[in-house]
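Below, chains carry the letters A, B, ... as their sequence lines are ordered, and counting in each starts from 1.
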Amino acid sequence: MGQRIIFHIDVNSAYLSWEAVYRLQHGNPVDLREIPSVVGGDPTTRHGIVLTKSIPAKKFKIQTGETLYSALSKYPELVIAKPNYLLYRQCSQALGNILKEYSPLIQQFSIDEYFLDFTQMKNLFGDPVKTAYRIKNRIKEELGFTVNIGISTNKLLAKMASEFEKPDKVHTLFPQEIPTKMWPLPIEELFMVGRATTRKLRSRGIQTIGDLAHCDVRLLLPSLKSFGRLVWNYANGIENSPIKPGGRINIKGMGNSTTMSFDVDDRQKAHLVLLSLVETVSARLRQDHSQSCLIAISFRTNEFLSYSHQRKLSHTTDCTNEIWEIACQLFDELWQGQPLRHMGVRVSDLCQDDFVQLSLFEKDYTKLRKLDQAVDSIRSRFGSQSIIRSSYLHSGLHSMTGGVIEEEDYPMMSSIL
DNA sequence: TCTGGGGTCCTAGGACCC
DNA sequence: TCTGGGGTCCTAGGACCC
(Lines give C-alpha, C1' and ligand atoms only; values in the text may rest on other atoms or scores of the structure.)
Protein backbone atom coordinates (compact mmCIF):
# COMPACT_ATOMS: atom_id res chain seq x y z
CA MET A 1 0.00 0.00 0.00
CA GLY A 2 1.29 3.48 -0.87
CA GLN A 3 1.27 6.53 1.38
CA ARG A 4 -2.06 7.49 2.85
CA ILE A 5 -3.26 11.08 2.95
CA ILE A 6 -5.04 11.94 6.19
CA PHE A 7 -6.71 15.23 7.17
CA HIS A 8 -7.39 16.26 10.75
CA ILE A 9 -10.06 18.95 11.04
CA ASP A 10 -10.16 20.83 14.34
CA VAL A 11 -12.62 23.63 15.16
CA ASN A 12 -10.81 26.68 16.58
CA SER A 13 -11.95 27.37 20.19
CA ALA A 14 -14.97 25.22 19.40
CA TYR A 15 -17.51 25.97 22.14
CA LEU A 16 -16.63 29.64 22.10
CA SER A 17 -16.72 29.97 18.30
CA TRP A 18 -20.06 28.22 18.14
CA GLU A 19 -21.53 30.46 20.83
CA ALA A 20 -20.08 33.51 19.02
CA VAL A 21 -21.69 32.51 15.71
CA TYR A 22 -24.99 31.82 17.44
CA ARG A 23 -25.01 35.25 19.07
CA LEU A 24 -24.09 37.02 15.83
CA GLN A 25 -26.88 35.22 14.01
CA HIS A 26 -29.32 36.32 16.70
CA GLY A 27 -28.54 40.00 16.36
CA ASN A 28 -25.92 40.41 19.08
CA PRO A 29 -23.26 42.73 17.59
CA VAL A 30 -20.38 41.49 19.78
CA ASP A 31 -18.18 38.73 18.35
CA LEU A 32 -16.99 36.75 21.39
CA ARG A 33 -13.96 35.55 19.41
CA GLU A 34 -12.62 39.09 19.20
CA ILE A 35 -12.77 39.95 22.91
CA PRO A 36 -11.43 38.21 26.05
CA SER A 37 -14.17 35.66 26.71
CA VAL A 38 -14.71 32.09 27.84
CA VAL A 39 -17.38 29.42 27.90
CA GLY A 40 -17.73 28.17 31.44
CA GLY A 41 -20.11 26.80 34.07
CA ASP A 42 -21.74 28.38 37.05
CA PRO A 43 -19.54 28.84 40.14
CA THR A 44 -22.55 29.09 42.45
CA THR A 45 -23.39 25.47 41.65
CA ARG A 46 -19.67 24.55 41.81
CA HIS A 47 -19.31 24.08 38.06
CA GLY A 48 -17.06 27.09 37.69
CA ILE A 49 -14.25 26.19 35.32
CA VAL A 50 -13.15 27.47 31.91
CA LEU A 51 -14.23 25.06 29.16
CA THR A 52 -12.95 27.10 26.20
CA LYS A 53 -11.25 30.47 25.87
CA SER A 54 -11.08 33.00 23.06
CA ILE A 55 -7.71 33.86 21.54
CA PRO A 56 -7.77 37.35 23.16
CA ALA A 57 -8.44 35.65 26.53
CA LYS A 58 -5.39 33.47 25.96
CA LYS A 59 -3.28 36.64 25.81
CA PHE A 60 -4.14 37.17 29.50
CA LYS A 61 -2.84 33.67 30.28
CA ILE A 62 -6.34 32.34 30.90
CA GLN A 63 -6.23 28.55 30.56
CA THR A 64 -8.74 25.83 29.85
CA GLY A 65 -9.63 24.02 33.08
CA GLU A 66 -8.84 26.83 35.47
CA THR A 67 -11.49 28.26 37.75
CA LEU A 68 -13.57 31.20 36.59
CA TYR A 69 -12.54 32.91 39.80
CA SER A 70 -8.91 32.65 38.79
CA ALA A 71 -9.68 33.68 35.19
CA LEU A 72 -11.55 36.76 36.43
CA SER A 73 -8.62 37.70 38.62
CA LYS A 74 -6.49 37.82 35.46
CA TYR A 75 -9.01 39.93 33.53
CA PRO A 76 -12.01 41.29 35.50
CA GLU A 77 -13.95 42.35 32.37
CA LEU A 78 -13.89 38.77 31.03
CA VAL A 79 -17.15 37.81 29.29
CA ILE A 80 -18.44 34.41 30.44
CA ALA A 81 -20.94 32.44 28.32
CA LYS A 82 -22.81 29.40 29.61
CA PRO A 83 -22.31 26.12 27.71
CA ASN A 84 -25.05 25.06 25.28
CA TYR A 85 -24.44 21.44 24.41
CA LEU A 86 -27.35 21.04 22.03
CA LEU A 87 -25.96 23.87 19.92
CA TYR A 88 -22.55 22.17 19.91
CA ARG A 89 -24.03 18.90 18.71
CA GLN A 90 -25.80 20.67 15.87
CA CYS A 91 -22.64 22.52 14.82
CA SER A 92 -20.60 19.34 15.02
CA GLN A 93 -23.08 17.50 12.83
CA ALA A 94 -23.21 20.33 10.30
CA LEU A 95 -19.42 20.16 10.06
CA GLY A 96 -19.56 16.38 9.53
CA ASN A 97 -22.11 16.84 6.75
CA ILE A 98 -19.73 19.06 4.78
CA LEU A 99 -16.78 16.72 5.34
CA LYS A 100 -18.79 13.75 4.06
CA GLU A 101 -18.83 15.39 0.64
CA TYR A 102 -15.04 15.03 0.43
CA SER A 103 -14.60 11.41 1.52
CA PRO A 104 -16.77 8.52 2.68
CA LEU A 105 -14.01 7.67 5.16
CA ILE A 106 -14.43 10.15 7.99
CA GLN A 107 -14.13 9.56 11.72
CA GLN A 108 -15.55 11.82 14.37
CA PHE A 109 -12.86 11.94 17.04
CA SER A 110 -14.58 14.31 19.46
CA ILE A 111 -17.33 16.89 19.32
CA ASP A 112 -15.01 19.30 17.47
CA GLU A 113 -12.54 17.03 15.65
CA TYR A 114 -12.75 14.80 12.62
CA PHE A 115 -10.28 12.66 10.69
CA LEU A 116 -10.77 12.31 6.95
CA ASP A 117 -9.00 9.77 4.74
CA PHE A 118 -8.25 11.54 1.46
CA THR A 119 -6.10 8.79 -0.06
CA GLN A 120 -8.60 7.57 -2.62
CA MET A 121 -10.05 11.02 -3.26
CA LYS A 122 -7.02 12.60 -4.96
CA ASN A 123 -8.26 11.53 -8.38
CA LEU A 124 -11.60 13.17 -7.80
CA PHE A 125 -10.58 16.41 -6.07
CA GLY A 126 -6.92 16.89 -7.04
CA ASP A 127 -4.24 18.39 -4.81
CA PRO A 128 -4.84 17.64 -1.09
CA VAL A 129 -3.55 20.98 0.20
CA LYS A 130 -5.67 22.99 -2.23
CA THR A 131 -8.68 20.85 -1.35
CA ALA A 132 -8.07 21.41 2.36
CA TYR A 133 -8.10 25.17 1.77
CA ARG A 134 -11.38 24.83 -0.12
CA ILE A 135 -12.91 22.78 2.71
CA LYS A 136 -11.72 25.23 5.36
CA ASN A 137 -13.10 28.23 3.44
CA ARG A 138 -16.38 26.52 2.75
CA ILE A 139 -16.87 25.80 6.44
CA LYS A 140 -16.16 29.44 7.27
CA GLU A 141 -18.57 30.74 4.63
CA GLU A 142 -21.40 28.28 5.19
CA LEU A 143 -21.20 27.66 8.94
CA GLY A 144 -19.54 30.86 10.15
CA PHE A 145 -16.75 29.31 12.24
CA THR A 146 -13.11 28.60 11.42
CA VAL A 147 -11.14 25.36 11.54
CA ASN A 148 -7.53 24.29 11.32
CA ILE A 149 -6.77 21.41 8.97
CA GLY A 150 -3.66 19.29 9.43
CA ILE A 151 -2.47 17.07 6.56
CA SER A 152 -0.09 14.13 6.68
CA THR A 153 0.29 10.40 6.07
CA ASN A 154 -1.20 9.21 9.36
CA LYS A 155 -3.63 10.36 12.02
CA LEU A 156 -1.01 11.28 14.61
CA LEU A 157 0.93 13.59 12.29
CA ALA A 158 -2.25 15.11 10.85
CA LYS A 159 -3.42 15.86 14.37
CA MET A 160 -0.09 17.37 15.37
CA ALA A 161 -0.23 19.52 12.19
CA SER A 162 -3.65 20.92 13.01
CA GLU A 163 -2.26 22.17 16.35
CA PHE A 164 0.20 24.52 14.63
CA GLU A 165 -0.61 28.22 14.25
CA LYS A 166 -4.31 29.05 14.78
CA PRO A 167 -6.90 30.05 13.75
CA ASP A 168 -8.17 29.41 10.21
CA LYS A 169 -5.04 27.67 8.91
CA VAL A 170 -4.01 24.64 6.85
CA HIS A 171 -0.72 22.97 7.81
CA THR A 172 1.17 19.94 6.55
CA LEU A 173 3.42 17.68 8.61
CA PHE A 174 4.73 15.10 6.18
CA PRO A 175 7.38 12.66 7.45
CA GLN A 176 10.24 14.62 5.90
CA GLU A 177 9.02 17.74 7.78
CA ILE A 178 9.17 16.09 11.22
CA PRO A 179 12.71 17.29 12.12
CA THR A 180 11.96 20.94 11.40
CA LYS A 181 8.28 21.21 12.38
CA MET A 182 7.78 18.72 15.23
CA TRP A 183 11.06 17.87 16.91
CA PRO A 184 11.77 21.40 18.26
CA LEU A 185 8.44 21.43 20.17
CA PRO A 186 8.40 20.91 23.96
CA ILE A 187 7.60 17.37 24.99
CA GLU A 188 4.16 18.15 26.46
CA GLU A 189 2.86 19.16 23.03
CA LEU A 190 3.09 15.59 21.80
CA PHE A 191 -0.28 13.83 21.67
CA MET A 192 -0.69 11.53 24.72
CA VAL A 193 2.05 13.22 26.75
CA GLY A 194 0.22 14.73 29.70
CA ARG A 195 1.35 16.06 33.05
CA ALA A 196 2.57 12.82 34.60
CA THR A 197 4.51 11.69 31.52
CA THR A 198 6.01 15.16 31.06
CA ARG A 199 7.37 14.99 34.59
CA LYS A 200 8.88 11.54 34.05
CA LEU A 201 10.46 12.50 30.72
CA ARG A 202 11.83 15.79 32.01
CA SER A 203 13.48 14.00 34.92
CA ARG A 204 15.43 11.99 32.34
CA GLY A 205 16.58 15.13 30.56
CA ILE A 206 14.09 14.81 27.72
CA GLN A 207 12.79 18.31 26.96
CA THR A 208 11.70 18.30 23.32
CA ILE A 209 9.87 15.87 21.07
CA GLY A 210 13.18 15.50 19.21
CA ASP A 211 14.95 14.47 22.45
CA LEU A 212 12.33 11.77 22.89
CA ALA A 213 12.60 10.63 19.27
CA HIS A 214 16.36 10.24 19.56
CA CYS A 215 16.58 8.60 22.96
CA ASP A 216 17.03 4.85 23.42
CA VAL A 217 13.53 3.47 23.83
CA ARG A 218 14.83 1.06 26.50
CA LEU A 219 15.44 4.09 28.71
CA LEU A 220 11.66 4.62 28.87
CA LEU A 221 10.45 1.09 29.51
CA PRO A 222 11.13 0.81 33.28
CA SER A 223 8.98 3.79 34.25
CA LEU A 224 6.53 4.05 31.36
CA LYS A 225 6.14 0.38 30.34
CA SER A 226 4.39 -0.08 27.00
CA PHE A 227 3.31 3.54 27.11
CA GLY A 228 6.99 4.47 26.68
CA ARG A 229 7.09 2.61 23.38
CA LEU A 230 3.91 4.37 22.26
CA VAL A 231 5.12 7.91 22.90
CA TRP A 232 8.56 7.08 21.46
CA ASN A 233 6.83 5.90 18.28
CA TYR A 234 4.72 9.05 18.23
CA ALA A 235 7.81 11.25 18.61
CA ASN A 236 9.18 9.51 15.52
CA GLY A 237 5.91 9.96 13.62
CA ILE A 238 5.16 6.22 13.70
CA GLU A 239 1.43 5.49 13.85
CA ASN A 240 -0.78 3.56 11.46
CA SER A 241 -4.29 3.20 12.90
CA PRO A 242 -7.09 3.29 10.32
CA ILE A 243 -9.87 5.86 10.06
CA LYS A 244 -12.81 4.25 11.83
CA PRO A 245 -16.05 5.40 10.21
CA GLY A 246 -19.29 5.24 12.12
CA GLY A 247 -17.79 6.66 15.29
CA ARG A 248 -19.71 5.44 18.28
CA ILE A 249 -20.96 2.06 17.12
CA ASN A 250 -18.41 0.24 19.24
CA ILE A 251 -19.05 2.14 22.42
CA LYS A 252 -17.47 0.34 25.39
CA GLY A 253 -19.41 1.88 28.23
CA MET A 254 -21.47 4.85 29.25
CA GLY A 255 -21.64 6.87 32.40
CA ASN A 256 -22.98 9.99 33.98
CA SER A 257 -21.48 11.94 36.83
CA THR A 258 -22.20 15.22 38.49
CA THR A 259 -20.78 17.70 40.93
CA MET A 260 -23.62 18.51 43.29
CA SER A 261 -24.36 22.12 44.16
CA PHE A 262 -23.96 21.20 47.85
CA ASP A 263 -22.10 18.45 49.72
CA VAL A 264 -24.25 15.36 50.20
CA ASP A 265 -23.82 13.77 53.59
CA ASP A 266 -26.86 11.57 54.13
CA ARG A 267 -27.44 8.17 52.60
CA GLN A 268 -30.95 8.88 51.39
CA LYS A 269 -29.93 11.96 49.41
CA ALA A 270 -26.96 10.06 48.01
CA HIS A 271 -29.27 7.28 46.84
CA LEU A 272 -31.48 9.87 45.19
CA VAL A 273 -28.52 11.34 43.32
CA LEU A 274 -27.61 7.82 42.19
CA LEU A 275 -31.15 7.33 40.92
CA SER A 276 -31.04 10.52 38.88
CA LEU A 277 -27.77 9.37 37.33
CA VAL A 278 -29.09 5.85 36.71
CA GLU A 279 -32.23 7.25 35.07
CA THR A 280 -30.21 8.85 32.28
CA VAL A 281 -27.60 6.10 31.96
CA SER A 282 -30.21 3.36 31.70
CA ALA A 283 -32.30 5.40 29.26
CA ARG A 284 -29.23 5.75 27.05
CA LEU A 285 -28.62 2.00 27.32
CA ARG A 286 -32.15 1.22 26.20
CA GLN A 287 -32.03 3.80 23.44
CA ASP A 288 -28.88 2.10 22.10
CA HIS A 289 -30.47 -1.35 22.42
CA SER A 290 -27.62 -2.30 24.73
CA GLN A 291 -27.39 -4.09 28.04
CA SER A 292 -24.61 -4.03 30.60
CA CYS A 293 -23.18 -6.59 32.99
CA LEU A 294 -20.72 -4.35 34.83
CA ILE A 295 -22.02 -1.59 37.10
CA ALA A 296 -19.70 0.92 38.73
CA ILE A 297 -20.20 3.86 41.05
CA SER A 298 -17.72 6.52 42.03
CA PHE A 299 -17.61 9.52 44.28
CA ARG A 300 -15.34 12.37 45.22
CA THR A 301 -15.30 13.73 48.75
CA ASN A 302 -15.20 17.36 49.77
CA GLU A 303 -11.47 16.79 50.32
CA PHE A 304 -11.12 15.77 46.67
CA LEU A 305 -10.38 12.14 47.33
CA SER A 306 -11.81 9.81 44.70
CA TYR A 307 -13.18 6.32 45.23
CA SER A 308 -14.79 3.76 42.98
CA HIS A 309 -16.45 0.39 43.36
CA GLN A 310 -17.80 -1.96 40.72
CA ARG A 311 -19.52 -5.29 40.36
CA LYS A 312 -19.72 -7.79 37.56
CA LEU A 313 -23.18 -9.27 37.12
CA SER A 314 -23.98 -12.84 36.20
CA HIS A 315 -26.55 -11.54 33.72
CA THR A 316 -27.09 -8.37 31.68
CA THR A 317 -29.55 -5.57 32.35
CA ASP A 318 -30.88 -2.24 31.15
CA CYS A 319 -33.43 -1.87 33.93
CA THR A 320 -33.49 1.42 35.84
CA ASN A 321 -34.55 -0.08 39.14
CA GLU A 322 -32.18 -3.01 39.00
CA ILE A 323 -29.18 -0.82 38.16
CA TRP A 324 -30.22 1.59 40.87
CA GLU A 325 -30.43 -1.16 43.49
CA ILE A 326 -26.96 -2.39 42.59
CA ALA A 327 -25.59 1.14 42.54
CA CYS A 328 -26.97 1.73 46.04
CA GLN A 329 -25.45 -1.52 47.32
CA LEU A 330 -22.08 -0.57 45.86
CA PHE A 331 -22.37 2.88 47.37
CA ASP A 332 -23.25 1.56 50.82
CA GLU A 333 -20.30 -0.84 50.72
CA LEU A 334 -17.87 1.97 49.91
CA TRP A 335 -19.12 5.07 51.64
CA GLN A 336 -17.93 5.83 55.16
CA GLY A 337 -19.88 8.99 55.76
CA GLN A 338 -17.61 11.53 54.11
CA PRO A 339 -19.35 14.64 52.71
CA LEU A 340 -19.56 14.12 48.96
CA ARG A 341 -19.12 16.74 46.27
CA HIS A 342 -19.27 14.52 43.16
CA MET A 343 -20.96 11.22 42.29
CA GLY A 344 -20.98 9.04 39.20
CA VAL A 345 -22.54 5.89 37.75
CA ARG A 346 -21.08 3.98 34.84
CA VAL A 347 -22.14 0.84 32.99
CA SER A 348 -19.83 -1.20 30.78
CA ASP A 349 -19.29 -4.69 29.35
CA LEU A 350 -22.08 -3.87 26.94
CA CYS A 351 -23.85 -6.22 24.61
CA GLN A 352 -26.78 -5.98 22.21
CA ASP A 353 -30.17 -6.54 23.81
CA ASP A 354 -31.60 -8.89 21.16
CA PHE A 355 -30.56 -12.18 22.76
CA VAL A 356 -31.07 -11.25 26.35
CA GLN A 357 -31.37 -14.18 28.68
CA LEU A 358 -33.67 -13.65 31.60
CA SER A 359 -32.01 -15.13 34.62
CA LEU A 360 -34.17 -17.60 36.52
CA PHE A 361 -32.32 -16.99 39.73
CA GLU A 362 -32.51 -13.24 39.83
CA LYS A 363 -35.56 -11.24 40.74
CA ASP A 364 -37.99 -11.09 37.82
CA TYR A 365 -37.58 -7.70 36.24
CA THR A 366 -40.02 -8.22 33.36
CA LYS A 367 -42.62 -5.89 34.80
CA LEU A 368 -40.04 -3.26 35.58
CA ARG A 369 -38.76 -3.44 32.00
CA LYS A 370 -42.25 -2.74 30.74
CA LEU A 371 -42.42 0.23 33.09
CA ASP A 372 -39.07 1.53 31.76
CA GLN A 373 -40.39 1.28 28.21
CA ALA A 374 -43.52 3.19 29.09
CA VAL A 375 -41.58 5.93 30.88
CA ASP A 376 -39.08 6.22 27.99
CA SER A 377 -41.90 6.63 25.54
CA ILE A 378 -43.66 9.32 27.56
CA ARG A 379 -40.41 11.21 28.10
CA SER A 380 -39.57 11.06 24.41
CA ARG A 381 -42.94 12.58 23.57
CA PHE A 382 -43.34 15.12 26.35
CA GLY A 383 -39.81 15.81 27.63
CA SER A 384 -37.64 14.38 30.35
CA GLN A 385 -39.44 16.24 33.14
CA SER A 386 -42.88 14.96 32.16
CA ILE A 387 -42.56 12.03 34.55
CA ILE A 388 -40.49 12.37 37.69
CA ARG A 389 -40.42 10.37 40.87
CA SER A 390 -42.18 12.04 43.77
CA SER A 391 -39.08 11.64 45.93
CA TYR A 392 -37.46 14.50 44.01
CA LEU A 393 -40.21 17.00 44.67
CA HIS A 394 -38.68 18.67 47.71
CA SER A 395 -35.16 17.26 47.48
CA GLY A 396 -33.33 20.17 45.85
CA LEU A 397 -32.03 17.66 43.30
CA HIS A 398 -32.70 17.16 39.62
CA SER A 399 -34.57 14.00 38.65
CA MET A 400 -32.35 13.22 35.67
CA THR A 401 -28.72 14.19 35.55
CA GLY A 402 -26.41 14.32 32.55
CA GLY A 403 -26.73 12.83 29.08
CA VAL A 404 -30.20 13.78 28.00
CA ILE A 405 -30.44 17.32 26.77
CA GLU A 406 -33.71 19.19 26.83
CA GLU A 407 -34.21 20.07 23.19
CA GLU A 408 -37.18 22.28 23.90
CA ASP A 409 -35.08 24.57 26.11
CA TYR A 410 -33.16 25.90 23.11
CA PRO A 411 -34.28 27.54 19.89
CA MET A 412 -32.99 25.96 16.68
CA MET A 413 -30.07 27.54 14.88
CA SER A 414 -30.90 29.93 12.09
CA SER A 415 -31.07 28.83 8.48
CA ILE A 416 -27.31 29.17 8.01
CA LEU A 417 -26.88 25.94 9.96
C1' DT B 1 -7.37 25.24 43.11
C1' DC B 2 -12.77 28.60 44.81
C1' DT B 3 -10.47 22.39 40.74
C1' DG B 4 -16.49 19.65 34.93
C1' DG B 5 -18.09 15.74 32.48
C1' DG B 6 -17.67 12.41 28.89
C1' DG B 7 -14.75 8.77 27.44
C1' DT B 8 -10.53 4.93 26.56
C1' DC B 9 -6.77 2.06 27.83
C1' DC B 10 -3.27 0.08 30.99
C1' DT B 11 -1.42 -1.99 35.26
C1' DA B 12 -0.88 -4.22 39.72
C1' DG B 13 -2.43 -7.33 42.84
C1' DG B 14 -5.44 -10.88 44.50
C1' DA B 15 -8.48 -14.93 43.81
C1' DC B 16 -8.94 -19.04 41.73
C1' DC B 17 -7.97 -23.00 38.79
C1' DC B 18 -5.09 -26.69 36.92
C1' DT C 1 3.13 -26.97 53.46
C1' DC C 2 8.48 -23.96 55.00
C1' DT C 3 4.99 -25.61 48.07
C1' DG C 4 5.91 -24.00 41.53
C1' DG C 5 4.25 -21.96 37.55
C1' DG C 6 0.97 -20.42 34.29
C1' DG C 7 -3.43 -18.73 32.91
C1' DT C 8 -7.71 -16.12 33.51
C1' DC C 9 -10.78 -13.19 35.73
C1' DC C 10 -11.82 -9.43 38.67
C1' DT C 11 -11.13 -4.92 40.96
C1' DA C 12 -9.25 -0.26 41.99
C1' DG C 13 -6.71 3.28 40.51
C1' DG C 14 -4.22 6.08 37.34
C1' DA C 15 -2.90 7.88 32.89
C1' DC C 16 -4.46 10.12 28.78
C1' DC C 17 -7.79 12.52 25.46
C1' DC C 18 -11.42 16.28 24.30
Using a 4.5 Å cut-off on heavy atoms from C-beta on, say whether the side chain of P175(A) contacts that of S152(A).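 Yes; the side chains approach each other to less than 4.5 Å.
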Would you classify [X] as touching base, sugar-phosphate or nothing, given that sugar-phosphate means primed atoms plus P, OP1 and OP2, and contacts are heavy atoms under 4.0 Å?
| X | answer |
| --- | --- |
| T64(A) | nothing |
| R300(A) | sugar-phosphate |
| T258(A) | sugar-phosphate |
| L51(A) | base |
| K200(A) | nothing |
| S226(A) | sugar-phosphate |
| G40(A) | nothing |
| E66(A) | base |
| G194(A) | sugar-phosphate |
| G65(A) | base |

Which one, [options], comes nearest to the side chain of [X]?
| X | options | result |
| --- | --- | --- |
| K159(A) | dC16(C), dC9(B), dC18(C) | dC18(C) |
| F191(A) | dA15(C), dC10(C), dC17(C) | dC17(C) |
| R341(A) | dC9(B), dC18(C), dG4(B) | dG4(B) |
| S308(A) | dA15(C), dG13(C), dC18(C) | dG13(C) |
| E113(A) | dC18(C), dG4(B), dC16(C) | dC18(C) |
| H47(A) | dT11(C), dG5(B), dC16(C) | dG5(B) |

Would Y15(A) and Y88(A) count as a close aromatic pair, with their ring centres under 6.0 Å?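 Yes, ring centres under 6.0 Å apart.
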Does the separation of the ring centres of F7(A) and Y114(A) fall below 6.0 angstrom?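 That pair fails the under 6.0 Å test.
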Compare every heavy atom of I106(A) with every heavy atom of G96(A), then report the nearest pair and how far apart it is.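 Taking every non-hydrogen atom into account, O-CD1, 3.9 Å.
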With nearest nucleotide decided by heavy atoms, which residue, S257(A) or T67(A), maps closer to the 5′ end of DNA chain B?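 Result: T67(A).
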Closest-nucleotide 5' rank along DNA chain B - winner of Y15(A) and K225(A):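 Going by which nucleotide is closer to the 5' end, it is Y15(A).
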Taking 4.0 Å as the cut-off, does a side-chain nitrogen or oxygen of [X] come that near to OP1 or OP2 on [N]?
| X | N | answer |
| --- | --- | --- |
| R346(A) | dA12(C) | no |
| H309(A) | dT11(C) | no |
| S110(A) | dG6(B) | no |
| N256(A) | dG6(B) | yes |

Of R300(A), K269(A), R46(A), the residue whose pairing with D263(A) passes salt bridge (charged side-chain N to carboxylate O under 4.0 Å, His left out):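 Single salt bridge (charged side-chain N to carboxylate O under 4.0 Å, His left out) partner of D263(A) among R300(A), K269(A), R46(A): R46(A).
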What is the base-pairing partner of dG7(C), counting Watson-Crick and G-U wobble geometry with both distances under 3.5 Å?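 dG7(C) is paired with dC16(B).
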Write down the distance between [atom1] ([X]) and [atom2] ([N]), rounded to a whole number of angstrom.
| X | N | atom1 | atom2 | answer |
| --- | --- | --- | --- | --- |
| H342(A) | dT1(B) | NE2 | P | 19 Å |
| Q310(A) | dT8(B) | CD | P | 14 Å |
| R195(A) | dG14(C) | CZ | P | 12 Å |
| D288(A) | dG6(B) | CG | C1' | 14 Å |
| L224(A) | dA15(C) | CG | P | 11 Å |
| I295(A) | dT11(C) | CD1 | P | 11 Å |
| I111(A) | dG5(B) | CD1 | C1' | 12 Å |
| Q329(A) | dT11(C) | CD | P | 13 Å |

Is there ring stacking between F304(A) and dT3(B), where the centres must be under 5.5 angstrom apart and the planes under 30 degrees?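 Per 5.5 Å and 30° rule: yes, stacked.
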Neighbour count above 12 (heavy atom, 6.0 Å) for K58(A) NZ: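 Counting other residues, nucleotides and ligands, NZ of K58(A) stays at 12 neighbours or fewer.
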Can K155(A) be said to sit on top of F115(A)'s aromatic six-ring, NZ or CZ under 6.0 Å from centre and within 45° of the ring axis?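 Here K155(A) passes the 6.0 Å and 45° test against F115(A).
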Considering only the P atoms, how many Å lie between dC17(C) and dT3(B), rounded to the nearest integer?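 After rounding to an integer number of Å, I get 23 Å for this pair.
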